[in-house]
Each structure stands twice: as structure tokens, then as C-alpha cells.
There are 2 protein chains.
Amino acid sequence: MSGFLRYKKILDLFSEERSSWTVLEISKSLKTPSSTIYRIVREMVTAEFLESASGSYFRLGPAFIKFNRIINFSDPLVRAGQPFLKKLANENPITSVNVLARLYGNNVMCVADYKSPSFKKNTSYQRGKLMPLMNGATSRAIIMQITGKRLENLIKLENFKSDEDKNIFLKDLKSDKKKGYCFTEGQVDKGLIGFAVSISNKKLGIEASLSSIFNLDDFLLEHEPIIYANLTTYGLLVEKYINEIFDDIQKYHHETNSIR
Amino acid sequence: MSGFLRYKKILDLFSEERSSWTVLEISKSLKTPSSTIYRIVREMVTAEFLESASGSYFRLGPAFIKFNRIINFSDPLVRAGQPFLKKLANENPITSVNVLARLYGNNVMCVADYKSPSFKKNTSYQRGKLMPLMNGATSRAIIMQITGKRLENLIKLENFKSDEDKNIFLKDLKSDKKKGYCFTEGQVDKGLIGFAVSISNKKLGIEASLSSIFNLDDFLLEHEPIIYANLTTYGLLVEKYINEIFDDIQKYHHETNSIR
DNA sequence: CTAAATTTCTCATAAATTGAGAATTTTGAA
DNA sequence: TTCAAAATTCTCAATTTATGAGAAATTTAG
């Protein structure tokens, strides 16, 4: 184990389910002597990526909160999309959860969310949450932008039960792509339905989606055209804002480079 | 430069003001050859701590969003305090920003915030934001828990203009400590006033504060007792919940250790 | 298509990490 | 407070890894 991986392996132990670890537990888990782990953990505590908690336990440190904030204020997708989620929620005909998500390695991650105050159910769609790659409209509207070798690789990871399943998925994806939006029912949370459109910006390397999730019970067929209209309108708006942010960044870098 | 510092120095370049860097810029800034930086950046991109943006620029990666989420769902202070911020806002007699903050190295960091919907001004109190160490009620309610050598060290860092300034500060701190709460006016943002109480849990290593920030213009003397009553009540409630969370964690670790 | 910019690769040298075990410090129960 | 157990730091020779100059390859943009 070397380089950054040495540190990442430790961080990756920390999860929602298990958020504090002792050095000895880490040492056991990574099959690495405790004197080594003590040294590494100390380094990470100094850097505030870990912090000591009660007893001999350590937990994730405040550095993550700090950097998360910087992303929140600077990530083009979050900056461009975040302000529209509430508006989208207010214009939807029924209560909804509205989500901006993006590709994160081999998963889809929610990067911003807004839930109507009256939305009752707890959903899987929360900022920072990893979502399944191929299930749910949110994810599909992202996957449908991916082509060629990258799509193949992602599909390999998914391990479809049969070739038939895989072909159905690909066919659905193709038809969604043609329509320009995705719809799924209960693929992520039972009793919920999702609608999504793609968000992309090649120059900024953004492959994302904007989606609205509803309670199946609330949904009537007559809502559908309004939902699509909203998503499409706001999707385009978000893309427009991303472009403007891109231009700002360009201008900024141009200025700072001239000063050099 | 060695160990984790090598990576941290690169991450620390990224800020709200300057959120994307090229390898060559990093290389110049850290006075390190570009072939070395290319290698390190590549490692960090693999780990999703950085990601490539437009052109040859890199930005902070989604790993921070992921770990931030884990903290949000597991940090005892955030878990215990977050749910009360809205309630506190609703019970305050005038619109307010309500903040949970904690010591972060040599700064105070806001870890959760809730602003009344009708609060107009933009404030410096937002999750992840670093606050001045000695200014503002939010920070003072934290500092007033610190004693001995640690307090001395923090004071040294603050570089008071004169011994007189320092003594006034210490005297104020002492009297706040006696009263059990802090009040400051315009120390962080002009036109705003802040009230704060301490939150602490020795076993969990928590040195924090709960505070309410108001517009000076809205404030009447008759509000004061209500504000203090609210802060004190909720402060104790948060501490009680932190204790319960501590017990849960203990129980959990006990269980997982028995299984071993 | 082409030149410039970006990124990766190579490899000898220099530097940092490793880990067993000893030494020290901290913790918590009596 | 006292004391043993637990947690943490320290030491240092052996081993592994990082470094960086420059060459080579790849990508980008006009």
C-alpha cells in the first residue's frame, strides 16, 4: 500500500453505519501493524481529516466540512442548479423531491436536493448519497449520455442477471434518449416514481441529471405534461447557467494569468 | 514535503475564490516540479479527491461531498443539534440566524445553520465557514470553555494590538463565563448582534456553541430574556442529546466488539 | 493537419516508510 | 492518590517508495 491509497483506505472505513474506529480496529481491518497506523492516523489528525473522539476512537475530521463548503460555493453544477430546485418543487403539481445528481466514479451521486416541506416519506435522495448506477430515473438520465467504451465498462460492473435483462435495459435507454427524458417507478424507493432530464456540459466535464420524485399515490396522468415541461425548462436553464459560470471561470483564469 | 502533507498542501490551494488549478499552476505555487505534481494529482483524481474540470484545470472532487454526508449523519454535535436550529429560530421573538459552531484547529467553524426564511441580510454564518477565533458571541462561547495552556496558545495566535486589549478580552471572557452566555455587537458582521451559549461534552471531545444572530434594527431590550431562555433551554437539550448519542455509540461499539 | 500544450513514462538517486519492540504517557478503577 | 492496563509514541535498520530531469506519447485547438 503506497501513496494516497494508504490514507484513502483508512478514510474508506468510516461510514454512516460505523463512524468511529480505534487504531487497533483499523490495524486489524487493514492487516497493518498498529505502530504504522498510529503514525498515519496522527498525520491525518494534524491535517484535520480525522479527529479523536471519545476514548481511543477516531472519527472523520472537519476538513471535509470545509472542503464540502468550497465545492458548494464553487462547483458549477451545484452553483447553477441548486437555486432552481426549490422553484421546481414549487411549480410541480404535487409534492416532490427534486434532485441534482452526477456521475461519481462508477456510481451516481446526489449533489443537491430540495424536498417540498409537505413531502412525507423519507427518500434515498440526499446530498452526498450514492445511488445505484442503472436504477431510477435520476441515474438513467445520466447513463443515457454515456456512450462507447465507457458505457460498456459501466454495464460490465452492473452484472445483469441475463443478456435479456441487459438488452431490455439498453433498449429502454435508447428510447429514453430519443424522448429526451426518463421515467421510472419504484426502482429506488417503493411507492415513489421519478422523472428526469439530462444535464451536461462537455467543456466542464459535467454528466448529470435533474429529477423530480413523487409519491405514486399522489400522481395522476394529467400531471405528466406539466412535470415534463418543468423539468425540461429548468434543465435548459441550469445548462445555460453552467455555461455562464464556465465563461466567468474562463475570464477569471485569463485575468489571473495576465497578472502573472 | 512528505506524508499526508504532500496531498494536503495541494488541497489547501483550492478555495472559494480560486476553485480550479492547472498542474502547472500548482507546480509553480508549491515550487515543485510538474512531473511530480502530475503524479500526485493523478493519484488524487483516482481517489476522487480531485477531478479534472475544463481544459487542463482540476477542481475538488466528489469524495468531499460523500464524507461530508457521513459526518452529517454521524457527528454527535451535528446529529444532536441540527434538528433544534429550526425550532430555536421559530421560538425566537425576531427573525434570526441560528448556528452550531465548534473549534476547528485554531479557528471556529460553523457546522450547522438555520436562517429564518424572512431574514434578509447575508451573514458570515454558514456551514463549513471558518469564523474568527475571538470575535462574535458564537466564537466566544467556545473560547470561554478553554483553559490553561491551550487558551494561552490560542491567545498568542490572535496577536492582540496591546496588552490592554488582551486584558479587556480576558476580563470580558471571565464575566461571560460567570453569566453563562455571550453577547456581542457587530464583531463579525456590521448591523448584527449575537447571543451564544456553550455546548460541551468532555468524553466526546466536543467544544462548541449554540448561537442566535439578529439584526440590530429588529432588536428590543424586552426580547433579551426570551432569547436567553431559548438558548439556555435548547443548549441543555442539545447536550442531553449528545449524551444519548454517546451512550448509543458506546453500546454499538460494545456489541461489535463482543461479536469479534 | 500541425504545432503547442498537456500528460505520461523512465530510471538512477535520494528520501521516506515500515514495523518490531521498547519506552512513555494516559486512562480509569479502586 | 495509586497502580495496572491500555493507548500512544519512539527508535532505527531494512525496505520500499517518491523524486525529478528529460524523453516520449497523447491530446487539444487553431
Side-chain angles (χ1 to χ4, degrees), chain A residues 1-10 20-47 49-59 61 148-150 201-206 246-247 249-251 253-254 256-258 260, chain B residues 1-11 20-47 49-59 61 148-150 201-206 246-247 249-250 253-254 256-258 260:
Chain A
M1 200 173 14
S2 69
F4 195 69
L5 197 64
R6 178 169 28 143
Y7 303 100
K8 187 173 185 285
K9 278 219 169 179
I10 292 180
S20 49
W21 290 74
T22 67
V23 168
L24 255 36
E25 288 168 351
I26 297 172
S27 160
K28 252 191 188 177
S29 182
L30 300 183
K31 298 187 177 67
T32 306
S34 58
S35 60
T36 301
I37 302 294
Y38 271 114
R39 189 167 7 85
I40 297 180
V41 165
R42 198 183 334 143
E43 274 189 89
M44 295 174 83
V45 169
T46 304
F49 277 66
L50 290 178
E51 66 178 9
S52 77
S54 66
S56 46
Y57 283 91
F58 291 86
R59 60 170 112 91
K149 202 112 211 150
R150 280 187 65 206
N201 184 300
K202 218 180 169 187
K203 286 187 181 175
L204 280 166
I206 290 172
F246 176 75
D247 291 344
I249 294 172
Q250 290 290 86
K251 209 187 287 169
H253 284 307
H254 193 265
T256 48
N257 285 344
S258 322
R260 254 198 279 153
Chain B
M1 197 169 22
S2 68
F4 195 69
L5 197 65
R6 178 172 23 148
Y7 303 102
K8 186 172 185 288
K9 279 219 167 178
I10 292 180
L11 292 174
S20 49
W21 290 74
T22 67
V23 168
L24 255 37
E25 288 166 352
I26 297 172
S27 159
K28 255 193 186 175
S29 182
L30 301 183
K31 296 187 179 64
T32 305
S34 58
S35 61
T36 300
I37 301 294
Y38 270 114
R39 189 167 8 85
I40 297 180
V41 165
R42 202 186 326 146
E43 272 189 273
M44 295 175 83
V45 169
T46 304
F49 277 67
L50 290 178
E51 66 177 9
S52 76
S54 66
S56 46
Y57 284 91
F58 291 86
R59 58 170 115 92
K149 202 113 213 147
R150 279 187 66 206
N201 185 301
K202 220 180 167 189
K203 287 189 181 174
L204 280 166
I206 290 173
F246 175 74
D247 291 342
I249 293 172
Q250 292 289 87
H253 283 308
H254 192 266
T256 48
N257 286 343
S258 323
R260 253 200 274 152

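Naming: A, B, ... by sequence-line order, numbering from 1 per chain. Only heavy atoms go into these numbers, but all of them, side chains included; no hydrogens, no water, no symmetry mates.
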Just how far is it from atom CD of Glu25(A) to atom CG of Leu30(A), taken to the nearest 0.5 Å?
-> 11.5 Å
If every non-hydrogen atom of Pro33(A) is compared with every non-hydrogen atom of Ser27(A), which pair is closest and at what distance?
-> C-OG, 3.8 Å
Distance from Lys9(A) atom NZ to Ile40(A) atom CD1, nearest 0.5 Å?
-> 11.5 Å
Taking only N and O in the side chain of Tyr38(A), is any of them less than 4.0 Å away from OP1 or OP2 of dT9(D)?
-> no
What distance do Ser20(A) atom OG and Phe58(A) atom CZ have between them, rounded to the nearest 0.5 Å?
-> 11.0 Å
Once base and sugar-phosphate atoms are separated, protein heavy atoms under 4.0 Å mark nucleotides 25-30 of chain D, 5' to 3', with B, S and - as ------
Quick one: salt bridge (Lys or Arg N to Asp or Glu O under 4.0 Å) partners of Arg59(B), sequence neighbours excluded?
-> Glu51(B)
Close N/O contacts between protein and nucleotides 18-21 of chain D (under 3.5 Å):
unit_1: dA18(D); atom_1: OP1; unit_2: Gly3(A); atom_2: N; d: 3.0
unit_1: dA18(D); atom_1: O3'; unit_2: Arg6(B); atom_2: NH1; d: 3.3
unit_1: dT19(D); atom_1: OP2; unit_2: Arg39(B); atom_2: NH1; d: 2.8
unit_1: dG20(D); atom_1: OP2; unit_2: Thr36(B); atom_2: OG1; d: 2.8
unit_1: dG20(D); atom_1: N7; unit_2: Arg39(B); atom_2: NH2; d: 3.3
unit_1: dA21(D); atom_1: N7; unit_2: Ser35(B); atom_2: OG; d: 3.4

note: Tyr57(A), atom OH; dA7(D), atom P; distance rounded to Å ~ 9 Å
Per-helix bend value, the helix from dC1(C)-dG30(D) to dA30(C)-dT1(D), C1' rotation axes over five pairs per end, 10° rounding, shows 80°
Residues 32-42 of chain A vs side chain to side chain donor-acceptor pair (under 3.5 Å), sequence neighbours excluded, gives none
Contacts of Phe49(B) that satisfy ring pair (Phe, Tyr, Trp, His ring centres under 6.0 Å) - sequence neighbours left out = Phe4(A), Phe64(B)
Bounded by its outermost nucleotides with an atom under 4.0 Å from a heavy atom of chain A, the footprint on DNA chain C reads dT17(C) to dG21(C)
Here the pair of heavy atoms bringing Trp21(B) nearest to Ser29(B) is CZ3-CB, 4.1 Å
Quick one: list whatever passes side-chain contact (heavy atoms from CB on, under 4.5 Å) with Ser56(B), sequence neighbours left out.
-> Thr22(B)
Quick one: side-chain hydrogen bond (donor to acceptor under 3.5 Å, both in side chains) partners of Glu43(B), sequence neighbours excluded?
-> Tyr7(B)
Would a 4.5 Å heavy-atom cut-off, applied to side chains only, mark Leu50(B) and Ile10(B) as touching?
-> yes
Is any side-chain heavy atom of Lys8(B) closer than 4.5 Å to a side-chain heavy atom of Thr46(A)?
-> no
